[in-house]
Amino acid sequence: MASPGVLDVDGMSLRVTNLDKVLYPSGFTKGEILDYYARVSPVMLPHVAGRAASFQRFPDGVESTGFFAKNAPKGTPEWVRRVTLPAPGSSKGRETIDYVVVDDLPTLLWVANLAGVEIHVPQWRTDADGRPLGPDLLVLDLDPGAPADVLACAEVALLLREVLADQDLEAWVKTSGSKGLQLYVPVGSSGPGRTSEIAKGLAQRLEREHPALVVHRMTKSLRPGKVLVDWSQNNPAKTTVAPYSLRARPTPTVSTPVTWAEVERATSADDLRFEAADVLARVDAQGDLLAPMLTSHQQLP
């Protein structure tokens with residue numbers, strides 16, 4: 001992928017451009033972004049397939065403002081799957097949005113070629129006809145307020161694991177690729193609002209039990225030195241950065257699945273920080289640490 005041209009990707013023709021353009025201050029290029037997504041696709045695609053995706057695009061590099069893209073742009077290839085969904089409260093006055101669904105490698109690389117550095121997905125999938133299904137994931141996003149850091153998030157994650165276990169629920173964990181951690185609880189398809197209700201209750205409980213460490217509201221004045229347990233991403237209109245997605249940081253960090261043992265023994269922020277090359281090596285050695293989520297359908301209390 002060193003030069004522009006047309007790639008044959010699983011039988012689809014994909015035009016790629018500006019592969020030598022540096023998009024990260026560390027020197028990571030657009031071609032390296034495509035290469036990373038191509039190599040990580042076997043473990044990433046099962047987690048994003050069927051989900052209406054949004055992208056953080058940075059055609060001028062991750063130090064630029066970039067923009068959040070939901071609607072499929074003009075010129076989207078016919079082979080890219082799209083689903084048309086209502087857009088209540090759209091900032092652009094749209095009644096519907098044509099979301100891209102990243103079901104396959106050609107689509108994933110097409111997104112990367114648009115400088116879609118980050119891929120975000122909701123906690124629900126669509127069916128074969130493009131209709132949204134009920135949430136199949138409950139997510140808890142742990143976001144530290146300085147001077148708290150990812151180690152404080154690790155402490156909170158372990159507390160949440162215990163609370164969830166008391167309700168016979170198993171959680172999986174990944175880094176956000178930025179400052180925090182994210183916990184996933186795979187569930188049987190649930191009605192709208194149920195996962196949000198339970199996630200909010202968990203966040204409130206932890207705040208009551210550990211008020212010096214945890215906050216469940218986004219109010220900035222409440223957050224310094226504490227970990228926000230952000231339950232709001234269970235709102236069907238919201239998204240979370242996808243497993244294995246790159247992040248727009250100074251270096252190509254990744255939202256990376258980790259083991260609970262790694263969370264337990266972390267003693268520095270670097271223990272829970274992984275870049276693209278690290279993740280590819282981890283996948284080669286460990287496979288997809290989130291794979292069990294794909295077949296787990298836990299019942300909410």
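We're numbering straight along the sequence, starting at 1.
The backbone N or O of S245 lies less than 3.5 Å from no partner atom in the side chain of Y37, so there is not a single donor-acceptor pair. In this structure, N71 contributes its side chain and D98 its backbone to a donor-acceptor pair below 3.5 Å. Side-chain atoms of T219 do not come within 3.5 Å of backbone N or O of S221 as any donor-acceptor pair. A distance-only check finds a donor-acceptor pair linking the side chain of K226 to the backbone of P211 [under 3.5 Å]. Side chain of S255 to backbone of T175: a donor-acceptor contact under 3.5 angstrom is found.
Checking V9, L34, V80 one by one against W110, the side chain to side chain contact (heavy atoms under 4.5 Å, CB included) holds for a single residue, V80. Of the options V40, I119, T256, a side chain to side chain contact (heavy atoms under 4.5 Å, CB included) to Y244 is made by V40 and by none of the others.
In this structure, D60 and K21 have side chains that are in contact, with non-hydrogen atoms separated by less than 4.5 Å. Contact annotation: the side chain of P301 approaches that of L169 to within less than 4.5 Å [non-hydrogen atoms, C-beta and beyond]. Under the 4.5 Å side-chain criterion, counting only non-hydrogen atoms from C-beta, D143 is in contact with K179. Contact of the L138 side chain with the Q298 side chain is not registered, since no non-hydrogen atoms from C-beta on lie closer than 4.5 Å. Looking only at side-chain heavy atoms (C-beta outward), D10 and W79 stay at 4.5 Å or farther from each other. In this structure, L23 and K30 have side chains that are in contact, with non-hydrogen atoms separated by less than 4.5 Å. The side-chain heavy atoms of P236 and W124, taken from C-beta on, include a pair separated by under 4.5 Å. Side-chain contact between L228 and M218 is present, with at least one heavy-atom pair separated by less than 4.5 Å.
Hydrophobic clustering, with ILVMFWY side chains joined whenever heavy atoms are under 4.5 angstrom apart, groups V229 together with I198. One hydrophobic cluster, built from ILVMFWY side chains closer than 4.5 Å, cannot hold both V139 and L300; they sit in different ones.
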Derivation and outcome, side-chain contact (heavy atoms from CB on, under 4.5 Å), residues E32 and T29: CA-CA 5 Å; E32 288 175 300; T29 66; 3.4 Å; yes

Stepwise side chain to side chain donor-acceptor pair (under 3.5 Å) test for R81 and T126: CA-CA 11 Å; R81 183 185 169 206; T126 57; 3.2 Å; yes

For residues 180-188, which side-chain N or O atoms pair as donor and acceptor with protein atoms under 3.5 Å away, sequence neighbours left out?
residue	atom	partner	partner atom	Å
Q182	OE1	K174	NZ	2.4
Q182	NE2	D141	OD1	3.4

Show me the side-chain donor-acceptor pairs of residues 148-166 shorter than 3.5 Å, one per line, residues at least two apart or across chains.
residue	atom	partner	partner atom	Å
D149	OD1	L151	N	2.9
D149	OD1	A152	N	3.4
R161	NH2	E264	OE2	2.7

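Across R247 and Y24, no two heavy atoms sit closer than the pair O-OH, 2.7 Å.
The closest side-chain donor-acceptor pair between T107 and D104 falls under 3.5 angstrom. Remark: the R273 side chain and the T251 side chain contain an N/O donor-acceptor pair separated by less than 3.5 Å.
Sorted by first and then second residue, the side-chain hydrogen bond (donor to acceptor under 3.5 Å, both in side chains) pairs with a member in residues 43-52 read H47-D288, R51-D136; sequence neighbours excluded.
Salt bridge annotation for D35-R39: present, with a cationic side-chain nitrogen under 4.0 angstrom from a carboxylate oxygen.
By the neighbour-count criterion of 12 heavy atoms within 6.0 Å, atom CD of E209 is densely surrounded, having more than that number from other residues, nucleotides or ligands.
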